[in-house]
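All chains are named by letter (A, B, ...) in the order of the sequence lines, taking the proteins before the strands, and each is independently numbered beginning at 1.
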Amino acid sequence: MDIKAKLDLIEKGTLEMINTEELEEKLKKEKAVAYTGYEPSGKIHLGHTITVMKLKQMQDLGFKIKILLADYHAYLNGKGTIEEIEETAKYNEKCFKALGLSDDTDFVLGSTFQTKPEYTDEVYKLATLTTIVRAKRSMDQVSRHSEHPKVANVIYPLMQVADMSSLEVDVALGGMEQRKIQVLARENLPKIDKEAPVCIHTPLLHGLDGDEKMSSSKGNFIAIDDEESEIKTKINKSFCPMKEIEGNPIIEIATHFVFPNQAKLLIERPEKFGGNLELSEKELIETYSSGELHPMDLKNAIATFLIDYLAKVRDYMTNN
RNA sequence: CCCGCCUUAGCUCAAUUUGGCAGAGCGUUGGACUGUAGAUCCAAAUGUUGCUGGUUCAAGUCCGGCAGGCGGGACCA
């Protein structure tokens, strides 16, 4: 596959790449490193899965994949004691493997390197380069909002920037909520004589309740190891306004999971409502916006799809 | 180190001057209405009132101690 084709593949489904020219250079490298950091989370859900799938795709294209299990970051973000978080990290590692990343994937626990002298030295250097306002702003979409924000909130982004240098990352992949931290890295790493990675941002999934963001703290997600019945119930309870595409979580699941995976979505429908349909992405959008496709039929189709799509994951989770 | 204020349901907060059955909104759950969800309407559930000792027939409320949070002051050779 030529480089142009690889670039197109990587760009597919992303919101932005900063920037494409640099990524092209990275693609000429032998084993360029792509990384994503995740705060250990009680459940790995479809939102996480968007980035994991992108990592998997890049792995297939020859990238070395490093996943940071960001235990200290979670700790700084008030997600629990470091012991609890490390338990969760183990579970998350299993989830990521279940999603199909190969054995060549490096899983790195943050605390294994984030206290080393070279690392803290870089954090301190970054601390002298970053204003408090800038650091706080970079955390707007990432940190828990507290009436009593902690110093931890401004250490967090500095560490994330230092991670990229310590893990020798060529490409940093993350959801759009990471953008401000990533840009901070692009800006400040060169100032401490480190190379800034290419930054790639993927879209955020709306919560099943229609909330801005699917998030484990809000319970508005499909977890990758949810039971079949749970998937059905959750999809059925989901926000899904008739004819509306924008901000519709069920349509988003179709866009981000069905169609990258298969050309058509089978909609099983009783005869009295028009009988079965097989729709391409474009057709789905048209049919749904026109009102010809009822939300309930779409929901049933999506639930069926997800149950099948996540079957391998459930198997892996129970057998490993 | 000193002083003041705060801590009540998952969340935001009520519970007056003067101690008298711990409440509301939001959220959650369930029903009604929709061939989904939401919106709307109806209904329900939920408490170690931060912890602890005391006063009292009776304490969220008064007194003491402790913890956590917030603000201020002091110290600055």
Please state how far atom NZ in A:K299 lies from atom C1' in B:U36, giving the value in whole angstrom units.
-> 4 Å
B:U61 and B:G53, which share atom name P, separated by this distance in whole Å = 14 Å
Give the nucleotide from the list B:A37, B:U36, B:U29 with an atom nearest to the side chain of A:K237.
-> B:U29
Return the value, rounded to whole Å, for the distance between atom CG of A:N248 and atom P of B:U36.
-> 15 Å
When you measure from the centre of the six-membered ring of A:F221, is the NZ or CZ of A:K234 under 6.0 Å away and within 45° of the axis?
-> yes
Pairing of A:K31 and A:D104 as salt bridge, 4.0 angstrom limit | yes
Check the angle between the aromatic planes of A:Y119 and A:F113 and answer parallel, tilted or perpendicular using the 30° and 60° thresholds.
-> perpendicular
Interatomic distance, A:H294 NE2 vs B:U34 C1' [rounded to whole Å] | 8 Å
Quick note, A:F273 side chain, CB onward, closest among B:U36, B:G35, B:U29 is B:G35
Which value, in whole Å, describes the distance between the C1' atoms of nucleotides B:G54 and B:A59?
-> 11 Å
Inter-nucleotide P distance (B:U49, B:A22), Å rounded = 10 Å
Given the C1' atoms of B:C75 and B:C66, what is the spacing between them in whole Å?
-> 26 Å
Should B:C1 form a Watson-Crick or G-U wobble pair with both distances under 3.5 Å, which nucleotide is its partner?
-> B:G73
Quantified in whole Å, what is the P atom distance between nucleotide B:C1 and nucleotide B:C63?
-> 24 Å
What integer number of Å spans the C1' atoms of B:U56 and B:G19?
-> 9 Å
Quick one: label A:D209 by what it contacts on the DNA or RNA (base, sugar-phosphate, nothing), any heavy atom closer than 4.0 Å.
-> nothing
How far does the C1' atom of B:U8 sit from the matching atom of B:U46, given to the nearest Å?
-> 14 Å
Kindly indicate, with the supporting measurements, whether the criterion side chain to side chain donor-acceptor pair (under 3.5 Å) is fulfilled by A:Q57 and A:K54.
-> CA-CA 5 Å; A:Q57 183 189 48; A:K54 183 53 73 180; 2.8 Å; yes
Any-strand Watson-Crick or G-U partner of B:A59, both distances under 3.5 Å = none
Can you check the A:N220 CG to B:G38 C1' distance for me, whole Å?
-> 15 Å
Name the pairing partner of B:U34, where a pair is Watson-Crick or G-U wobble with both distances under 3.5 Å, or state none.
-> none
What does B:U28 pair with, Watson-Crick or G-U, if both distances are under 3.5 Å?
-> B:A44
For residues A:H206 and A:E252, is any side-chain donor paired with an opposing acceptor at under 3.5 Å?
-> yes
Nearest-Å distance once atom P is located in both B:C13 and B:C3 = 28 Å
